[in-house]
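Below: the structure, in C-alpha coordinates.
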Protein chains: 2
Amino acid sequence: MDQGISDRFGLAVLDPLDGQASSRSERRDQQVQRVLEAAKACFIRSGFKGASMQEICAEAEMSPGALYRYFPSKEAIVEAICEADRRDDASCFIGMLDNPSVVDGVVYAALHHIRHTHECNKTALFAEIRSESMRNPAIDLTCSRNISEVGKRFHQYLSAAVERGEIDPPVGFETLLPTIMAIGEGMALNDLPGRGVDMDQLEILLRAMVVGMLRPRTADVATNTD
Amino acid sequence: MDQGISDRFGLAVLDPLDGQASSRSERRDQQVQRVLEAAKACFIRSGFKGASMQEICAEAEMSPGALYRYFPSKEAIVEAICEADRRDDASCFIGMLDNPSVVDGVVYAALHHIRHTHECNKTALFAEIRSESMRNPAIDLTCSRNISEVGKRFHQYLSAAVERGEIDPPVGFETLLPTIMAIGEGMALNDLPGRGVDMDQLEILLRAMVVGMLRPRTADVATNTD
DNA sequence: AAAATATGAGAATGATCATTCGCATGAATT
DNA sequence: AATTCATGCGAATGATCATTCTCATATTTT
(Lines give C-alpha, C1' and ligand atoms only; values in the text may rest on other atoms or scores of the structure.)
Protein backbone atom coordinates (compact mmCIF):
# COMPACT_ATOMS: atom_id res chain seq x y z
CA MET A 1 0.00 0.00 0.00
CA ASP A 2 2.49 2.57 1.20
CA GLN A 3 4.97 2.44 -1.59
CA GLY A 4 7.47 4.79 -0.09
CA ILE A 5 5.88 7.85 -1.51
CA SER A 6 6.95 11.32 -0.98
CA ASP A 7 9.06 13.07 1.52
CA ARG A 8 7.27 16.07 2.79
CA PHE A 9 7.79 17.61 -0.61
CA GLY A 10 8.01 14.44 -2.58
CA LEU A 11 8.45 15.88 -6.02
CA ALA A 12 10.15 13.75 -8.62
CA VAL A 13 11.46 11.34 -6.05
CA LEU A 14 10.24 8.23 -7.72
CA ASP A 15 12.49 5.56 -8.97
CA PRO A 16 15.99 6.99 -8.85
CA LEU A 17 16.96 4.13 -11.18
CA ASP A 18 14.82 5.53 -13.88
CA GLY A 19 16.39 8.91 -13.72
CA GLN A 20 13.85 11.39 -15.02
CA ALA A 21 11.12 8.86 -15.60
CA SER A 22 8.68 11.12 -13.80
CA SER A 23 8.21 14.31 -15.71
CA ARG A 24 6.05 17.03 -14.26
CA SER A 25 2.92 15.95 -16.04
CA GLU A 26 3.44 12.32 -15.07
CA ARG A 27 3.79 13.35 -11.48
CA ARG A 28 0.61 15.36 -11.87
CA ASP A 29 -1.27 12.37 -13.21
CA GLN A 30 -0.12 10.30 -10.27
CA GLN A 31 -1.34 12.90 -7.82
CA VAL A 32 -4.67 13.16 -9.58
CA GLN A 33 -4.97 9.41 -9.33
CA ARG A 34 -4.06 9.55 -5.67
CA VAL A 35 -6.84 12.00 -4.97
CA LEU A 36 -9.32 9.92 -6.94
CA GLU A 37 -8.51 6.74 -5.06
CA ALA A 38 -8.70 8.47 -1.70
CA ALA A 39 -11.98 10.09 -2.67
CA LYS A 40 -13.44 6.80 -3.78
CA ALA A 41 -12.62 5.22 -0.43
CA CYS A 42 -14.20 8.16 1.39
CA PHE A 43 -17.30 8.18 -0.79
CA ILE A 44 -17.82 4.47 -0.23
CA ARG A 45 -17.39 4.98 3.51
CA SER A 46 -19.41 8.17 3.93
CA GLY A 47 -21.32 8.94 0.74
CA PHE A 48 -20.83 11.87 -1.63
CA LYS A 49 -22.36 14.45 0.66
CA GLY A 50 -21.21 12.78 3.84
CA ALA A 51 -17.52 12.73 2.96
CA SER A 52 -15.84 16.03 3.69
CA MET A 53 -12.92 17.48 1.79
CA GLN A 54 -10.92 17.23 4.99
CA GLU A 55 -11.68 13.52 5.09
CA ILE A 56 -10.50 13.12 1.52
CA CYS A 57 -7.38 15.15 2.27
CA ALA A 58 -6.59 12.93 5.24
CA GLU A 59 -7.11 9.78 3.19
CA ALA A 60 -4.90 11.11 0.41
CA GLU A 61 -2.35 12.42 2.93
CA MET A 62 -2.50 15.79 1.29
CA SER A 63 -3.39 19.29 2.46
CA PRO A 64 -6.48 21.11 1.17
CA GLY A 65 -4.23 23.60 -0.56
CA ALA A 66 -2.47 20.80 -2.41
CA LEU A 67 -5.64 18.94 -3.27
CA TYR A 68 -7.22 21.99 -4.82
CA ARG A 69 -4.28 22.19 -7.22
CA TYR A 70 -5.67 19.08 -8.87
CA PHE A 71 -9.42 19.50 -8.71
CA PRO A 72 -11.30 22.79 -8.74
CA SER A 73 -14.12 21.54 -6.50
CA LYS A 74 -15.60 18.59 -4.71
CA GLU A 75 -18.22 18.32 -7.43
CA ALA A 76 -15.46 17.81 -9.98
CA ILE A 77 -14.09 14.91 -7.97
CA VAL A 78 -17.53 13.36 -7.69
CA GLU A 79 -18.01 13.64 -11.42
CA ALA A 80 -14.64 12.09 -12.17
CA ILE A 81 -15.35 9.19 -9.83
CA CYS A 82 -18.76 8.54 -11.39
CA GLU A 83 -17.40 8.77 -14.89
CA ALA A 84 -14.65 6.25 -14.15
CA ASP A 85 -16.99 3.86 -12.37
CA ARG A 86 -19.66 3.91 -15.04
CA ARG A 87 -17.09 3.46 -17.78
CA ASP A 88 -15.58 0.50 -15.97
CA ASP A 89 -19.02 -0.97 -15.43
CA ALA A 90 -19.99 -0.66 -19.08
CA SER A 91 -16.77 -2.10 -20.43
CA CYS A 92 -16.96 -4.96 -17.96
CA PHE A 93 -20.33 -5.96 -19.34
CA ILE A 94 -19.72 -5.19 -22.99
CA GLY A 95 -16.42 -7.02 -22.99
CA MET A 96 -18.22 -10.27 -22.29
CA LEU A 97 -20.75 -10.00 -25.08
CA ASP A 98 -18.80 -12.07 -27.56
CA ASN A 99 -19.99 -15.62 -27.19
CA PRO A 100 -21.30 -17.12 -30.43
CA SER A 101 -24.19 -18.59 -28.49
CA VAL A 102 -26.34 -15.64 -27.49
CA VAL A 103 -27.80 -17.33 -24.47
CA ASP A 104 -24.30 -18.13 -23.22
CA GLY A 105 -23.15 -14.63 -24.03
CA VAL A 106 -25.87 -12.96 -22.02
CA VAL A 107 -25.56 -15.38 -19.11
CA TYR A 108 -21.78 -15.04 -18.92
CA ALA A 109 -21.87 -11.28 -19.28
CA ALA A 110 -24.38 -11.04 -16.46
CA LEU A 111 -22.42 -13.41 -14.24
CA HIS A 112 -19.19 -11.60 -14.93
CA HIS A 113 -20.79 -8.28 -14.19
CA ILE A 114 -22.20 -9.54 -10.91
CA ARG A 115 -18.91 -11.09 -9.88
CA HIS A 116 -16.94 -8.00 -10.85
CA THR A 117 -19.22 -5.71 -8.88
CA HIS A 118 -18.89 -7.98 -5.88
CA GLU A 119 -15.15 -8.52 -6.04
CA CYS A 120 -14.22 -4.91 -6.60
CA ASN A 121 -16.46 -3.77 -3.77
CA LYS A 122 -18.38 -1.59 -6.14
CA THR A 123 -21.79 -2.19 -4.64
CA ALA A 124 -21.89 0.76 -2.26
CA LEU A 125 -20.42 3.18 -4.77
CA PHE A 126 -22.89 2.05 -7.37
CA ALA A 127 -25.79 2.64 -5.02
CA GLU A 128 -24.43 6.07 -4.22
CA ILE A 129 -24.03 6.96 -7.89
CA ARG A 130 -27.51 5.71 -8.64
CA SER A 131 -29.13 7.89 -6.02
CA GLU A 132 -26.98 10.89 -6.90
CA SER A 133 -28.02 10.53 -10.53
CA MET A 134 -31.63 11.04 -9.49
CA ARG A 135 -31.01 14.68 -8.62
CA ASN A 136 -27.68 15.67 -10.13
CA PRO A 137 -28.03 16.31 -13.86
CA ALA A 138 -24.31 15.96 -14.55
CA ILE A 139 -24.22 12.53 -12.95
CA ASP A 140 -27.44 11.57 -14.63
CA LEU A 141 -25.88 12.40 -17.96
CA THR A 142 -22.85 10.26 -17.21
CA CYS A 143 -25.08 7.35 -16.28
CA SER A 144 -27.32 7.78 -19.30
CA ARG A 145 -24.39 7.90 -21.66
CA ASN A 146 -23.05 4.63 -20.38
CA ILE A 147 -26.42 2.96 -20.29
CA SER A 148 -27.03 3.88 -23.89
CA GLU A 149 -23.58 2.71 -24.87
CA VAL A 150 -24.24 -0.67 -23.29
CA GLY A 151 -27.71 -0.70 -24.78
CA LYS A 152 -26.41 -0.03 -28.26
CA ARG A 153 -23.86 -2.79 -28.12
CA PHE A 154 -26.36 -5.15 -26.53
CA HIS A 155 -28.88 -4.34 -29.22
CA GLN A 156 -26.40 -5.18 -31.94
CA TYR A 157 -25.56 -8.45 -30.28
CA LEU A 158 -29.16 -9.53 -29.89
CA SER A 159 -30.52 -8.28 -33.17
CA ALA A 160 -27.80 -10.13 -35.06
CA ALA A 161 -28.97 -13.29 -33.32
CA VAL A 162 -32.58 -12.54 -34.24
CA GLU A 163 -31.56 -11.97 -37.88
CA ARG A 164 -29.91 -15.33 -38.11
CA GLY A 165 -32.89 -16.98 -36.44
CA GLU A 166 -31.06 -18.05 -33.32
CA ILE A 167 -33.53 -16.46 -30.94
CA ASP A 168 -37.09 -15.24 -31.08
CA PRO A 169 -37.87 -12.93 -28.18
CA PRO A 170 -41.56 -12.53 -27.35
CA VAL A 171 -41.31 -8.74 -27.19
CA GLY A 172 -39.52 -6.00 -29.08
CA PHE A 173 -36.14 -4.55 -28.18
CA GLU A 174 -37.72 -1.41 -26.76
CA THR A 175 -39.06 -3.64 -23.99
CA LEU A 176 -36.40 -6.32 -23.90
CA LEU A 177 -33.32 -4.14 -23.56
CA PRO A 178 -34.34 -1.86 -20.71
CA THR A 179 -35.78 -4.80 -18.83
CA ILE A 180 -32.74 -7.02 -19.12
CA MET A 181 -30.48 -4.16 -18.16
CA ALA A 182 -32.66 -3.30 -15.17
CA ILE A 183 -32.47 -6.93 -14.10
CA GLY A 184 -28.70 -6.93 -14.34
CA GLU A 185 -28.54 -3.75 -12.34
CA GLY A 186 -30.74 -5.23 -9.65
CA MET A 187 -28.59 -8.30 -9.29
CA ALA A 188 -25.38 -6.31 -9.14
CA LEU A 189 -26.83 -3.86 -6.65
CA ASN A 190 -28.04 -6.65 -4.42
CA ASP A 191 -24.61 -8.20 -4.30
CA LEU A 192 -25.94 -11.73 -4.62
CA PRO A 193 -22.54 -13.38 -4.10
CA GLY A 194 -22.12 -11.32 -0.95
CA ARG A 195 -25.44 -12.60 0.30
CA GLY A 196 -24.35 -16.19 -0.02
CA VAL A 197 -25.90 -17.04 -3.36
CA ASP A 198 -23.92 -19.79 -5.04
CA MET A 199 -22.66 -18.70 -8.43
CA ASP A 200 -23.12 -22.09 -10.08
CA GLN A 201 -26.72 -22.20 -8.97
CA LEU A 202 -27.16 -18.64 -10.08
CA GLU A 203 -25.87 -19.56 -13.51
CA ILE A 204 -28.48 -22.30 -13.81
CA LEU A 205 -31.24 -19.91 -12.83
CA LEU A 206 -30.00 -17.13 -15.07
CA ARG A 207 -29.86 -19.48 -18.01
CA ALA A 208 -33.41 -20.63 -17.41
CA MET A 209 -34.47 -17.00 -17.22
CA VAL A 210 -32.62 -15.94 -20.34
CA VAL A 211 -33.95 -18.90 -22.27
CA GLY A 212 -37.43 -17.87 -21.25
CA MET A 213 -36.87 -14.31 -22.40
CA LEU A 214 -35.00 -14.94 -25.65
CA ARG A 215 -36.61 -18.21 -26.77
CA PRO A 216 -33.69 -19.78 -28.61
CA ARG A 217 -34.65 -21.99 -31.55
CA THR A 218 -31.71 -24.33 -31.27
CA ALA A 219 -31.97 -27.51 -29.26
CA ASP A 220 -28.98 -26.97 -26.99
CA VAL A 221 -31.25 -25.88 -24.20
CA ALA A 222 -31.74 -28.03 -21.17
CA THR A 223 -35.35 -29.06 -21.14
CA ASN A 224 -35.14 -31.67 -18.45
CA THR A 225 -38.23 -32.17 -16.37
CA ASP A 226 -36.51 -33.04 -13.15
CA MET B 1 -52.83 20.49 -1.30
CA ASP B 2 -53.36 23.36 1.13
CA GLN B 3 -56.32 22.12 3.07
CA GLY B 4 -56.87 25.21 5.10
CA ILE B 5 -54.59 24.21 7.88
CA SER B 6 -53.65 26.23 10.82
CA ASP B 7 -53.81 29.84 11.75
CA ARG B 8 -50.53 31.00 13.02
CA PHE B 9 -51.16 28.92 16.10
CA GLY B 10 -53.44 26.41 14.56
CA LEU B 11 -54.12 24.29 17.56
CA ALA B 12 -57.33 22.34 17.61
CA VAL B 13 -58.86 24.43 14.88
CA LEU B 14 -60.03 21.56 12.77
CA ASP B 15 -63.58 20.87 11.99
CA PRO B 16 -65.65 23.07 14.29
CA LEU B 17 -68.60 20.85 13.38
CA ASP B 18 -67.00 17.96 15.09
CA GLY B 19 -66.48 19.81 18.29
CA GLN B 20 -63.54 18.22 20.03
CA ALA B 21 -62.77 15.72 17.32
CA SER B 22 -59.13 16.70 17.54
CA SER B 23 -57.77 15.82 20.90
CA ARG B 24 -54.23 16.79 21.74
CA SER B 25 -52.78 13.49 20.70
CA GLU B 26 -54.69 13.50 17.43
CA ARG B 27 -53.35 16.94 16.67
CA ARG B 28 -49.90 15.66 17.52
CA ASP B 29 -50.24 12.77 15.11
CA GLN B 30 -51.25 15.17 12.36
CA GLN B 31 -48.23 17.35 12.98
CA VAL B 32 -45.93 14.34 12.99
CA GLN B 33 -47.44 13.32 9.68
CA ARG B 34 -46.99 16.82 8.35
CA VAL B 35 -43.31 16.75 9.17
CA LEU B 36 -42.91 13.33 7.61
CA GLU B 37 -44.54 14.35 4.37
CA ALA B 38 -42.50 17.51 4.14
CA ALA B 39 -39.33 15.60 4.91
CA LYS B 40 -40.11 13.02 2.26
CA ALA B 41 -40.50 15.72 -0.36
CA CYS B 42 -37.21 17.29 0.69
CA PHE B 43 -35.34 14.00 0.78
CA ILE B 44 -36.57 13.15 -2.70
CA ARG B 45 -35.51 16.58 -3.91
CA SER B 46 -32.16 16.85 -2.12
CA GLY B 47 -31.24 13.53 -0.57
CA PHE B 48 -30.94 12.67 3.11
CA LYS B 49 -27.71 14.53 3.67
CA GLY B 50 -28.48 17.23 1.16
CA ALA B 51 -31.78 18.29 2.68
CA SER B 52 -31.32 20.68 5.58
CA MET B 53 -33.59 20.96 8.58
CA GLN B 54 -34.34 24.50 7.47
CA GLU B 55 -35.50 23.13 4.13
CA ILE B 56 -37.76 20.64 5.88
CA CYS B 57 -39.08 23.36 8.17
CA ALA B 58 -39.89 25.54 5.18
CA GLU B 59 -41.64 22.69 3.39
CA ALA B 60 -43.65 21.86 6.50
CA GLU B 61 -44.31 25.57 7.17
CA MET B 62 -43.07 25.10 10.67
CA SER B 63 -40.25 26.64 12.69
CA PRO B 64 -37.24 24.60 13.84
CA GLY B 65 -38.38 24.97 17.42
CA ALA B 66 -41.76 23.51 16.56
CA LEU B 67 -40.39 20.73 14.44
CA TYR B 68 -38.08 19.56 17.20
CA ARG B 69 -41.12 19.05 19.43
CA TYR B 70 -42.02 16.13 17.19
CA PHE B 71 -38.70 14.56 16.31
CA PRO B 72 -35.57 14.59 18.45
CA SER B 73 -33.20 14.70 15.49
CA LYS B 74 -32.88 14.60 11.73
CA GLU B 75 -31.72 11.02 11.99
CA ALA B 76 -35.00 10.10 13.65
CA ILE B 77 -36.91 11.60 10.73
CA VAL B 78 -34.78 9.70 8.25
CA GLU B 79 -35.42 6.47 10.10
CA ALA B 80 -39.15 7.07 10.24
CA ILE B 81 -39.26 7.81 6.50
CA CYS B 82 -37.30 4.68 5.66
CA GLU B 83 -39.39 2.53 7.92
CA ALA B 84 -42.63 3.78 6.38
CA ASP B 85 -41.36 3.44 2.83
CA ARG B 86 -40.02 -0.07 3.26
CA ARG B 87 -43.17 -1.19 5.00
CA ASP B 88 -45.29 0.21 2.20
CA ASP B 89 -43.05 -1.45 -0.35
CA ALA B 90 -43.27 -4.84 1.32
CA SER B 91 -47.01 -4.77 1.79
CA CYS B 92 -47.50 -3.63 -1.79
CA PHE B 93 -45.72 -6.70 -3.03
CA ILE B 94 -46.99 -9.21 -0.47
CA GLY B 95 -50.56 -8.07 -0.92
CA MET B 96 -50.51 -9.28 -4.51
CA LEU B 97 -49.21 -12.76 -3.78
CA ASP B 98 -52.60 -14.40 -3.68
CA ASN B 99 -53.27 -15.69 -7.15
CA PRO B 100 -54.00 -19.43 -7.29
CA SER B 101 -51.76 -19.66 -10.34
CA VAL B 102 -48.25 -19.08 -9.04
CA VAL B 103 -46.94 -17.76 -12.35
CA ASP B 104 -49.76 -15.24 -12.46
CA GLY B 105 -49.23 -14.36 -8.84
CA VAL B 106 -45.56 -13.59 -9.27
CA VAL B 107 -46.09 -11.71 -12.52
CA TYR B 108 -48.90 -9.59 -11.14
CA ALA B 109 -47.10 -8.89 -7.89
CA ALA B 110 -44.04 -7.73 -9.83
CA LEU B 111 -46.09 -5.60 -12.20
CA HIS B 112 -48.03 -4.08 -9.37
CA HIS B 113 -44.87 -3.33 -7.49
CA ILE B 114 -43.31 -1.69 -10.53
CA ARG B 115 -46.41 0.36 -11.23
CA HIS B 116 -46.78 1.38 -7.61
CA THR B 117 -43.18 2.53 -7.38
CA HIS B 118 -43.63 4.53 -10.55
CA GLU B 119 -46.97 6.09 -9.73
CA CYS B 120 -46.10 7.08 -6.19
CA ASN B 121 -42.84 8.64 -7.29
CA LYS B 122 -40.92 6.34 -5.02
CA THR B 123 -37.99 5.73 -7.31
CA ALA B 124 -35.69 8.46 -6.05
CA LEU B 125 -36.50 7.81 -2.41
CA PHE B 126 -35.87 4.13 -2.90
CA ALA B 127 -32.47 4.80 -4.42
CA GLU B 128 -31.65 7.10 -1.56
CA ILE B 129 -32.69 4.54 1.04
CA ARG B 130 -30.72 1.85 -0.74
CA SER B 131 -27.51 3.85 -0.67
CA GLU B 132 -28.06 5.02 2.88
CA SER B 133 -28.52 1.43 3.97
CA MET B 134 -25.01 0.65 2.78
CA ARG B 135 -23.46 2.72 5.54
CA ASN B 136 -26.18 3.39 8.13
CA PRO B 137 -26.74 0.32 10.29
CA ALA B 138 -30.15 1.48 11.50
CA ILE B 139 -31.41 1.86 7.95
CA ASP B 140 -29.79 -1.39 6.94
CA LEU B 141 -31.71 -3.14 9.69
CA THR B 142 -34.98 -1.63 8.52
CA CYS B 143 -34.31 -2.78 4.98
CA SER B 144 -33.23 -6.26 6.06
CA ARG B 145 -36.30 -6.73 8.20
CA ASN B 146 -38.60 -5.92 5.33
CA ILE B 147 -36.66 -7.98 2.84
CA SER B 148 -36.85 -10.99 5.11
CA GLU B 149 -40.54 -10.42 5.70
CA VAL B 150 -41.18 -10.41 1.96
CA GLY B 151 -38.86 -13.35 1.54
CA LYS B 152 -40.70 -15.39 4.15
CA ARG B 153 -44.08 -14.78 2.63
CA PHE B 154 -42.73 -15.37 -0.86
CA HIS B 155 -41.14 -18.59 0.28
CA GLN B 156 -44.45 -19.86 1.64
CA TYR B 157 -46.21 -18.96 -1.57
CA LEU B 158 -43.71 -20.71 -3.79
CA SER B 159 -43.03 -23.75 -1.66
CA ALA B 160 -46.74 -24.49 -1.43
CA ALA B 161 -46.80 -24.51 -5.23
CA VAL B 162 -43.80 -26.84 -5.33
CA GLU B 163 -45.51 -29.15 -2.85
CA ARG B 164 -48.58 -29.47 -4.97
CA GLY B 165 -46.47 -30.03 -8.06
CA GLU B 166 -47.48 -26.85 -9.82
CA ILE B 167 -43.92 -25.68 -10.42
CA ASP B 168 -40.49 -27.21 -10.47
CA PRO B 169 -37.77 -24.56 -10.19
CA PRO B 170 -34.31 -25.57 -11.41
CA VAL B 171 -32.60 -24.26 -8.27
CA GLY B 172 -33.30 -24.18 -4.54
CA PHE B 173 -35.05 -21.38 -2.72
CA GLU B 174 -31.78 -20.09 -1.28
CA THR B 175 -30.90 -19.09 -4.86
CA LEU B 176 -34.35 -18.47 -6.27
CA LEU B 177 -35.66 -16.06 -3.64
CA PRO B 178 -32.79 -13.57 -3.44
CA THR B 179 -32.47 -13.55 -7.20
CA ILE B 180 -36.12 -12.92 -7.93
CA MET B 181 -36.22 -10.20 -5.30
CA ALA B 182 -33.10 -8.59 -6.71
CA ILE B 183 -34.69 -8.62 -10.14
CA GLY B 184 -37.83 -6.96 -8.83
CA GLU B 185 -35.76 -4.34 -7.10
CA GLY B 186 -33.85 -3.63 -10.28
CA MET B 187 -37.00 -3.14 -12.29
CA ALA B 188 -38.56 -0.87 -9.70
CA LEU B 189 -35.38 1.14 -9.32
CA ASN B 190 -35.08 1.61 -13.05
CA ASP B 191 -38.59 2.95 -13.29
CA LEU B 192 -39.36 1.04 -16.46
CA PRO B 193 -42.78 2.68 -16.99
CA GLY B 194 -41.11 6.04 -16.64
CA ARG B 195 -38.64 5.09 -19.33
CA GLY B 196 -41.39 4.37 -21.78
CA VAL B 197 -41.63 0.61 -21.42
CA ASP B 198 -45.12 -0.55 -22.26
CA MET B 199 -46.68 -2.41 -19.36
CA ASP B 200 -48.50 -4.94 -21.52
CA GLN B 201 -45.30 -5.83 -23.29
CA LEU B 202 -43.53 -5.98 -19.96
CA GLU B 203 -46.12 -8.43 -18.71
CA ILE B 204 -45.44 -10.72 -21.66
CA LEU B 205 -41.72 -10.60 -21.02
CA LEU B 206 -42.07 -11.05 -17.28
CA ARG B 207 -44.28 -14.06 -17.80
CA ALA B 208 -41.76 -15.64 -20.16
CA MET B 209 -39.06 -14.99 -17.59
CA VAL B 210 -41.03 -16.35 -14.67
CA VAL B 211 -42.03 -19.42 -16.63
CA GLY B 212 -38.36 -20.02 -17.35
CA MET B 213 -37.45 -19.69 -13.70
CA LEU B 214 -40.30 -21.61 -12.10
CA ARG B 215 -40.96 -24.25 -14.77
CA PRO B 216 -44.67 -24.74 -14.29
CA ARG B 217 -45.94 -28.26 -15.05
CA THR B 218 -49.38 -27.21 -16.18
CA ALA B 219 -50.10 -26.56 -19.84
CA ASP B 220 -51.52 -23.04 -19.51
CA VAL B 221 -48.25 -21.57 -20.67
CA ALA B 222 -48.00 -19.86 -24.00
CA THR B 223 -45.59 -21.88 -26.10
CA ASN B 224 -46.23 -20.23 -29.41
CA THR B 225 -43.38 -20.18 -31.88
CA ASP B 226 -44.15 -16.85 -33.46
C1' DA C 1 22.95 31.53 -9.70
C1' DA C 2 18.95 34.06 -10.28
C1' DA C 3 14.37 34.41 -11.76
C1' DA C 4 10.21 32.15 -12.70
C1' DT C 5 7.11 28.51 -11.93
C1' DA C 6 4.94 24.59 -9.79
C1' DT C 7 3.69 22.40 -5.66
C1' DG C 8 2.82 22.12 -0.95
C1' DA C 9 1.22 23.18 3.99
C1' DG C 10 -2.01 24.85 7.01
C1' DA C 11 -4.47 28.68 9.01
C1' DA C 12 -8.32 31.66 7.84
C1' DT C 13 -12.93 32.67 5.87
C1' DG C 14 -17.59 32.94 5.36
C1' DA C 15 -21.43 30.01 4.65
C1' DT C 16 -24.34 26.56 6.25
C1' DC C 17 -25.68 23.05 9.28
C1' DA C 18 -28.26 20.64 13.20
C1' DT C 19 -29.76 21.80 17.35
C1' DT C 20 -31.03 24.69 21.46
C1' DC C 21 -32.90 28.58 24.07
C1' DG C 22 -35.81 32.19 25.73
C1' DC C 23 -39.98 33.66 25.43
C1' DA C 24 -44.94 34.15 23.96
C1' DT C 25 -49.43 32.30 23.36
C1' DG C 26 -53.33 28.98 23.16
C1' DA C 27 -55.58 25.22 25.56
C1' DA C 28 -56.51 22.46 29.67
C1' DT C 29 -57.03 22.15 34.44
C1' DT C 30 -57.90 23.86 38.85
C1' DA D 1 -59.91 33.56 36.92
C1' DA D 2 -55.63 31.66 37.81
C1' DT D 3 -52.31 28.29 36.98
C1' DT D 4 -50.14 24.80 34.30
C1' DC D 5 -48.84 22.74 30.25
C1' DA D 6 -48.28 22.04 25.33
C1' DT D 7 -47.07 24.27 21.27
C1' DG D 8 -44.81 27.54 18.48
C1' DC D 9 -41.56 31.16 16.85
C1' DG D 10 -37.21 32.64 15.39
C1' DA D 11 -32.81 34.26 16.89
C1' DA D 12 -28.65 32.29 18.77
C1' DT D 13 -25.00 28.70 19.13
C1' DG D 14 -21.19 26.12 18.16
C1' DA D 15 -19.67 22.79 14.90
C1' DT D 16 -18.45 21.73 10.40
C1' DC D 17 -18.16 22.55 5.64
C1' DA D 18 -15.96 23.81 0.99
C1' DT D 19 -12.90 26.84 -0.47
C1' DT D 20 -9.22 30.47 -0.44
C1' DC D 21 -5.13 32.87 1.10
C1' DT D 22 -0.46 33.44 2.49
C1' DC D 23 3.63 31.94 2.53
C1' DA D 24 7.43 28.42 2.09
C1' DT D 25 9.93 25.19 -0.58
C1' DA D 26 11.24 22.64 -4.57
C1' DT D 27 11.98 22.45 -9.53
C1' DT D 28 12.78 24.30 -13.98
C1' DT D 29 14.39 27.81 -16.94
C1' DT D 30 17.24 31.55 -18.04
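We name chains A, B, ... by the order of the sequence lines, and we start the count at 1 in each one.
At whole-Å resolution of the value, OH in Tyr70(A) and C1' in dT20(D) are 17 Å apart. When the C1' atom of dG10(D) is taken as reference, atom CD of Gln54(B) falls 9 Å away, rounded to whole Å. Rounded to whole angstrom, the span from the CE atom of Met53(A) across to the C1' atom of dG10(C) amounts to 15 Å. The distance from atom OH of Tyr68(B) to atom P of dC21(C) is 12 Å, rounded to the nearest whole Å. When the P atom of dA26(D) is taken as reference, atom CZ of Arg27(A) falls 13 Å away, rounded to whole Å. In this entry the distance linking CD1 of Ile77(A) with P of dA18(D) reads 10 Å, nearest Å. At whole-Å resolution of the value, CG in Leu67(A) and C1' in dC17(D) are 14 Å apart. What separates CZ of Arg34(B) from P of dT7(D) is a distance of 13 Å, to the nearest Å.
By the neighbour-count criterion of 12 heavy atoms within 6.0 Å, atom CZ of Arg87(A) is sparsely surrounded, having that number or fewer from other residues, nucleotides or ligands. Heavy-atom contacts from other residues, nucleotides or ligands closer than 6.0 Å to NZ of Lys40(B) number 12 or fewer.
For the residue pair Asn136(B) / Glu75(B), a side-chain donor-acceptor distance below 3.5 Å is found, with atom types taken as modelled.
Regarding contacts with the backbone of dA6(C), every side-chain N or O of Gln31(A) stays at 4.0 angstrom or more from both OP1 and OP2. An OP1 or OP2 oxygen of dG8(C) is reached within less than 4.0 angstrom by no side-chain nitrogen or oxygen of Arg28(A). Distances shown here put every side-chain N or O of Arg69(A) at or beyond 4.0 Å from the OP1 or OP2 atom of dT19(D).
The side chain of Ala66(B) has dC9(D) as its nearest neighbour among dT7(C), dC9(D), dA6(D). When distances run from any side-chain atom of Ser73(B) to the nucleotides dT19(C), dT7(C), dC9(D), the shortest one goes to dT19(C).
Across all strands, Ala51(B) comes closer than 4.0 Å only to sugar-phosphate atoms, never to a base (heavy-atom distances).
Sequence order on DNA chain C of the closest nucleotides to Pro64(A) and Pro64(B) puts Pro64(A) first from the 5' end. Nearer the 5' end of DNA chain D, as judged by each residue's closest nucleotide, is the contact made by Lys49(A), out of Lys49(A) and Gly65(A).
Look at Glu37(A) and Arg34(A) and you find no salt bridge, because none of the NZ, NE, NH1 or NH2 atoms lies under 4.0 Å from a carboxylate O.
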Walk me through it: do Val106(A) and Phe154(A) pass the test side-chain contact (heavy atoms from CB on, under 4.5 Å)?
CA-CA 9 Å; Val106(A) 173; Phe154(A) 205 7; 3.8 Å; yes
